[in-house]
Amino acid sequence: MEILQLIQSNLLTPIILFFLFGIIAARIKSDLKIPEAISEFLPIYLLAAIGLHGGIEMRNTGFENMLIPMLVAIGLSLLMTLNHYQILRRLGKFNIFDSYALASTYGAVGAVTFSVGLSFLKNQGVTSEGYLAAILAVLEPVAFILAIFLTNMAVSKQIRQKKKSFTKGDASDLDMGIQETKTKLSQVLHESVTGKAIVILLGSIVIGYIIGESGFDSIKIVFDEMFTGAIVIFMIEMGIIAGQRLGDVKKVGIFLIAFAVIMPTFNGIVGVLVATVMGLSLGGSVMFGLLLASASFIAAPAVLRHAIPQANPSLYITSALGITFPYNIIVLLPIMFAVSTLVHGDGSIDLFNYITKDWI
Amino acid sequence: MEILQLIQSNLLTPIILFFLFGIIAARIKSDLKIPEAISEFLPIYLLAAIGLHGGIEMRNTGFENMLIPMLVAIGLSLLMTLNHYQILRRLGKFNIFDSYALASTYGAVGAVTFSVGLSFLKNQGVTSEGYLAAILAVLEPVAFILAIFLTNMAVSKQIRQKKKSFTKGDASDLDMGIQETKTKLSQVLHESVTGKAIVILLGSIVIGYIIGESGFDSIKIVFDEMFTGAIVIFMIEMGIIAGQRLGDVKKVGIFLIAFAVIMPTFNGIVGVLVATVMGLSLGGSVMFGLLLASASFIAAPAVLRHAIPQANPSLYITSALGITFPYNIIVLLPIMFAVSTLVHGDGSIDLFNYITKDWI
Amino acid sequence: MEILQLIQSNLLTPIILFFLFGIIAARIKSDLKIPEAISEFLPIYLLAAIGLHGGIEMRNTGFENMLIPMLVAIGLSLLMTLNHYQILRRLGKFNIFDSYALASTYGAVGAVTFSVGLSFLKNQGVTSEGYLAAILAVLEPVAFILAIFLTNMAVSKQIRQKKKSFTKGDASDLDMGIQETKTKLSQVLHESVTGKAIVILLGSIVIGYIIGESGFDSIKIVFDEMFTGAIVIFMIEMGIIAGQRLGDVKKVGIFLIAFAVIMPTFNGIVGVLVATVMGLSLGGSVMFGLLLASASFIAAPAVLRHAIPQANPSLYITSALGITFPYNIIVLLPIMFAVSTLVHGDGSIDLFNYITKDWI
Amino acid sequence: MKLYTVKLLTITCEILAQKNIIEILNKHEINAYTTYEVDGNGARGIRGQGFKNEKNVKVEVILREEKLQDIVEEISRTMFANFAIIVYVSDVSVVRTEKF
Amino acid sequence: MKLYTVKLLTITCEILAQKNIIEILNKHEINAYTTYEVDGNGARGIRGQGFKNEKNVKVEVILREEKLQDIVEEISRTMFANFAIIVYVSDVSVVRTEKF
Amino acid sequence: MKLYTVKLLTITCEILAQKNIIEILNKHEINAYTTYEVDGNGARGIRGQGFKNEKNVKVEVILREEKLQDIVEEISRTMFANFAIIVYVSDVSVVRTEKF
Ligand SMILES: Nc1ncnc2c1ncn2[C@@H]1O[C@H](COP(=O)(O)O)[C@@H](O)[C@H]1O
Ligand SMILES: Nc1ncnc2c1ncn2[C@@H]1O[C@H](COP(=O)(O)O)[C@@H](O)[C@H]1O
Ligand SMILES: Nc1ncnc2c1ncn2[C@@H]1O[C@H](COP(=O)(O)O)[C@@H](O)[C@H]1O
Ligand code: NA
Ligand code: NA
Ligand code: NA
């Protein structure tokens, strides 16, 4: 089948091979490690490159048509976060904290996954809409904020109910709970929006938009030509960290393992189809799907550890980085590409057929 | 006006935009940061690139004619340092330590400013004399040494006078004071000359001179083509640090703020004109002016903190990095370029007219 | 003479000049330093680049014919280690621990030396067999394992003899000694094989082999074109560290200084000749010789400090890094190149004459 | 030169908890402290291998005995359950008591 | 909030000896410790300038007095001769003795 | 294994003052110490955010009580006025007193 071939050819790219290599290095307990300063710098560099590229594209193609995809992405991300929560809480029997933490981890987006996706498309000779970088930036905090809001609501409700059974429902207590939630939320909101990933991404988009192709020329070698090489180096470290996590995978339980594979697949294919309906290009639809499929494993712990400290971080880090990330870049990306090719390949009528067929 | 246009087009280059971006990131209290190892490495890299470039140029064009510009630069730097001191001490009412520290900070040169200047010229399609890199190296310690010498002289004079009022002028005490000053000076001299900036710069100039264009070929991609991209990354960090300093700007007082803008403007334009008179090219005159206009904010604290510990470092760091550096690269550089174009553009007689007109 | 000319032209390459520059910077006690994260990352990068390059070459040319060179290299490495030991113990009067540590340091290989060799050949416009990278990987632990095995044997023999004089030869003690040796050996073996250098090198060879030229395209700029520039940066740090060691050179004694020059020369030329006999190309023979001539100064301390803690590390680090490394890259490399040119230049009959003439 | 005894409170915890610790200190009007990143091993496993987020940090605070109790109590109450953390106290002598 | 006195054992040694120290700790059933890289100067010269291999590391272990003696003894016996190393012990107070 | 009590002197100061501290130590014939970079907050504001020059460093010295007084006195006299710095002393026990 064509998908298998795509998976195989994807498997044999330097990015995936060095990721697998990193996993093996970790499994055989090698002391190989990319120094911290480098692996802290690379995401900043990758996001700057993505942002510049996106901004330049947006300058070329305009960004009027980005509003609908962005709103749809936000809506889908919120819906999916709620959906994850229900599945995790009801079917998975996770406690409320772990459920919200996991729900938002999978509702959020992964910048590294996005980078790999861009490289994948480049390799396939396909382009994507520049404004997707902006959607990446906007999508970053959405799921977290929802999850934290709901967690805090739930907690203060619990406290309220407890209180009620003791004393007789004290309004000031209730106010206090809501007040605290507000403080925490505004703090998380501020932290998310000023978080380095969003800041560098949005900044670079704006700068890319301002400078355009011509202004980009002098820094093109660093921010464009070196991009794939830089990802490769980062993927070694990602592989090593994922490899160290592999041992914990069994601890997260069979339910979460299944969730970490099935959920992204579902979200991703929904994303591809919705994007196609909205008129995004073949590559753009893949990237749109990837945004929804990806889970956050760098930003999530930084936000959630502070906002939902009761949640067990090894659950969400292990599943996002140890299972979903490899699955997404190795298997799901080619699948979504195949799906997008399929639904884009034929005329619009057939397209509609495909969608309705798959959609419901 | 043309200057405004130049400022505007300079403002829209990646280097300046990323610098402004860094400032904004710091102002909104983002946690964005270039890891220490990278931001420590980048100046070394930039100086190596500048040095290699300068050395190769010097091999092409000879360096016999560099002696006069170098001596003039040293002379101007010393004069300007003394001039700064008088202004700061008399008009600004700063204490002797702060006055000397600030005077030498502005008498010294800034390697990062120099890098940005080179990129600015590249962007304008203008070249500059290679030996300016050598002048940069030689100029580094000049102002510090003068300021430290004078500070120590002043301090031992004070001590002497105090002693005189108690006991009757003890010659051995005086000797001791002078002795200590000598020790301290020779220490500072040694530290300056072996300081990493000078060492890598001079070393790279020599190596560039030896290898020439052909030997440079194999490392050209790293030390030439990546140059602007590397500056961009460094400018993010410079912006962040400058942004963190912005809050302190009001603390340095209105006098120092004015000084930090007017003094470089004066020094820089003097530099452009003197360089033009000495026969430097359009671009060379801009760089010569920039050398004199720039203030030191990486080397200065390292030298002054040890040599004049009584001076308040937040005065000289904040004014040099928070005010003068942004002003120099955003506003003054285009102004100097316009001035240099003006005085270079016309025939030599007109040139002379311009100079005499502006000069006195 | 031609060799002198080669040495001179080698001396004037950026790699060697920046190395010498680093030495000078250290001697004048400059505070210049490449940040730790960078100098830790560069060897990983260099090995990845070497491995990818080797793997791609092997894909082009096949690797069937690499078995004999590899076995010969292992055999020679073991023989040389034993030979070093005899010379150091008998002539040099070093104690058993220092003798084995030094013997294996010089029996092992140096990845940095190998990188410089590749650049040297590139500069000369000469290629080498890709599988030499694989031999580099395999050769890494060989000499260590032999030395550690023999040291432990010697130690347990000593213990046994001591015991005998007290009690009457206790078999269980003997067993314990052998047991401990086995444990230690298997630990060292595991550590060597999972050591970062070998892991990244082997991994990159395999990946290079899989992706081939076409897959390499997207990362070529980072892993090929930037190679020499990256070495140059690394050589600054190597020079600095070697320069810091220079003061210790007199402490290692005249015997070890002579050993550190003569032994590599002998081993290297033997290597060139043997490789030529085995049919390696001009460049391949130089690299083969360099493998045998090089001493290990990054891997050696990490392995030996743990396995033969009684040995004085400053002996083996100082001689390998402070003497042999500069000698190898500045003097011996051109010599071996001249020898290889000589024995490759003429027809096979002459070649045979040269070899037999030189060999015995 | 007389030395005065004060307390040195050391908190070793996961780096993402540093903010919580500083907040607690600030709440008790303590704005002076020293921090540095460390690796570690403990009940919550090895820390410091992967992402920087997974390192530990040490926070050291020199303070007077008066404030010690409350701070230790608040840290224990709010953080022991959910974070990788240890807290310990030792005696140190300083010259300028007015600074602490 | 009652504080209990335990011991803080600090080992500052060359980084390549860290493994040996951890092995000794593990042998005495101690799996909790904190480590960080440091520079230093001592009988074996300045450390921390060149390769990372030539840095020092500090290993800090909070433990009960019972285990202290044996561990210090084993480190002294097996490591003092061949490595750049110092070992010292101090008193610290903790809340949760059960953790150490 | 008998342990002997000595003093641990810790200086936390701005990194550009490290040289001054080491000079003072050397003047008192002390050439053994451990150093590491730290961040901090204190009377002179937050340190450790921008340039490396603006970080702090900790210098730790194990020494005998005899030398302690003079060194603390000299540091106090020459450095307290102009630098971001704190100094504190604690008791530690060591095995090999001859080393310190
Ligand atoms: N006994 C100990 N001695 C020194 N450090 C410890 C000890 N126990 C825990 N730690 C440190 O505290 C961190 C958190 O401990 P834990 O909550 O037990 O995982 C560990 O990662 C170590 O850095
Ligand atoms: N008196 C001391 N005070 C603080 N640290 C020391 C002292 N002596 C040695 N060290 C540390 O222990 C390491 C090893 O010491 P040595 O074995 O004496 O070279 C040194 O590099 C320092 O980091
Ligand atoms: N109370 C304290 N506890 C721990 N460290 C402190 C304390 N006060 C100051 N420091 C450290 O000493 C440095 C200098 O202090 P200061 O001179 O008060 O700015 C600070 O940046 C902190 O690293
Ligand atoms: Na998602
Ligand atoms: Na100046
Ligand atoms: Na060898």
Side-chain angles (χ1 to χ4, degrees), chain B residues 22 25-26 29-44 97-98 101 112 183-184 187-188 191 195-197 234 237-248 251 296-314 316-318 320-322, chain F residues 9-31 33-59 61 70-88:
Chain B
K29 304 218 174 301
S30 167
D31 62 345
L32 182 68
K33 193 172 165 22
I34 305 294
E36 199 181 289
I38 309 287
S39 54
E40 253 180 82
F41 173 66
L42 284 172
I44 298 174
F97 303 113
D98 287 337
V112 183
T183 322
K184 224 176 178 178
Q187 204 182 322
V188 168
E191 269 168 38
K196 53 186 157 200
F234 194 55
E237 182 69 11
M238 287 301 97
I240 293 171
I241 302 180
Q244 288 164 345
R245 292 266 155 199
L246 273 196
D248 294 347
K251 290 188 210 155
S296 165
F297 52 82
I298 298 187
V303 172
L304 296 176
R305 202 74 191 99
H306 202 58
I308 316 183
Q310 303 92 335
N312 176 0
S314 92
Y316 51 81
I317 301 177
T318 302
L321 177 59
Chain F
L9 168 66
T10 304
I11 301 118
T12 308
C13 62
E14 48 177 301
I15 208 166
L16 291 176
Q18 174 171 354
K19 206 182 282 181
N20 308 42
I21 298 289
I22 305 290
E23 274 168 16
I24 294 175
L25 292 177
N26 291 344
K27 221 167 96 181
H28 292 84
E29 279 158 17
I30 289 189
N31 299 303
Y33 46 81
T34 297
T35 64
Y36 47 102
E37 290 170 18
V38 298
D39 293 348
N41 200 352
R44 300 202 181 219
I46 293 180
R47 302 189 52 81
Q49 284 192 333
F51 295 117
K52 184 168 165 173
N53 276 347
E54 309 212 281
K55 291 198 81 161
N56 285 343
V57 73
K58 269 175 87 176
V59 182
V61 195
D70 288 354
I71 292 175
V72 169
E73 190 277 328
E74 179 157 355
I75 292 175
S76 308
R77 186 169 42 81
T78 61
M79 304 196 56
F80 276 7
N82 294 322
F83 292 98
I85 185 168
I86 61 165
V87 171
Y88 55 92

Next item on the list: Mind listing the closest non-hydrogen atom pair of B/His306 and F/Leu16 along with its distance?
Entry: ND1-O, 4.2 Å

Check: Checking B/Gln310 against chain F: side chain, backbone, both or neither under 4.5 Å from a heavy atom?
Finding: both

Checklist line | Ion pair F/Lys19/B/Glu191, N-O distance below 4.0 Å | finding: yes

Item checked: Reported CG-to-CG distance for the pair B/Asn312 and F/Asn82, which is rounded to 0.5 angstrom -> 10.0 Å

Notebook entry, point to check: How long is the span from the CD1 atom in F/Ile46 to the CD atom in B/Gln244, to the nearest 0.5 Å?
Noted result: 9.0 Å

Item checked: Side chain to side chain, B/Pro301 and F/Phe51, heavy atoms closer than 4.5 Å -> no

Next item on the list: Could you tell me the separation between the CD atom of B/Glu36 and the NZ atom of F/Lys52, rounded to the nearest 0.5 Å?
Entry: 5.5 Å

Item checked: Closest contact, heavy atoms only, F/Asn53 versus B/Ile298 -> ND2-O, 3.4 Å

Margin query: What part of F/Glu23 gets within 4.5 angstrom of chain B, counting heavy atoms only: side chain, backbone, both, or neither?
Written below: side chain

Check: B/Lys33 side chain to F/Gln49 main-chain N or O, any donor-acceptor pair under 3.5 Å?
Finding: yes

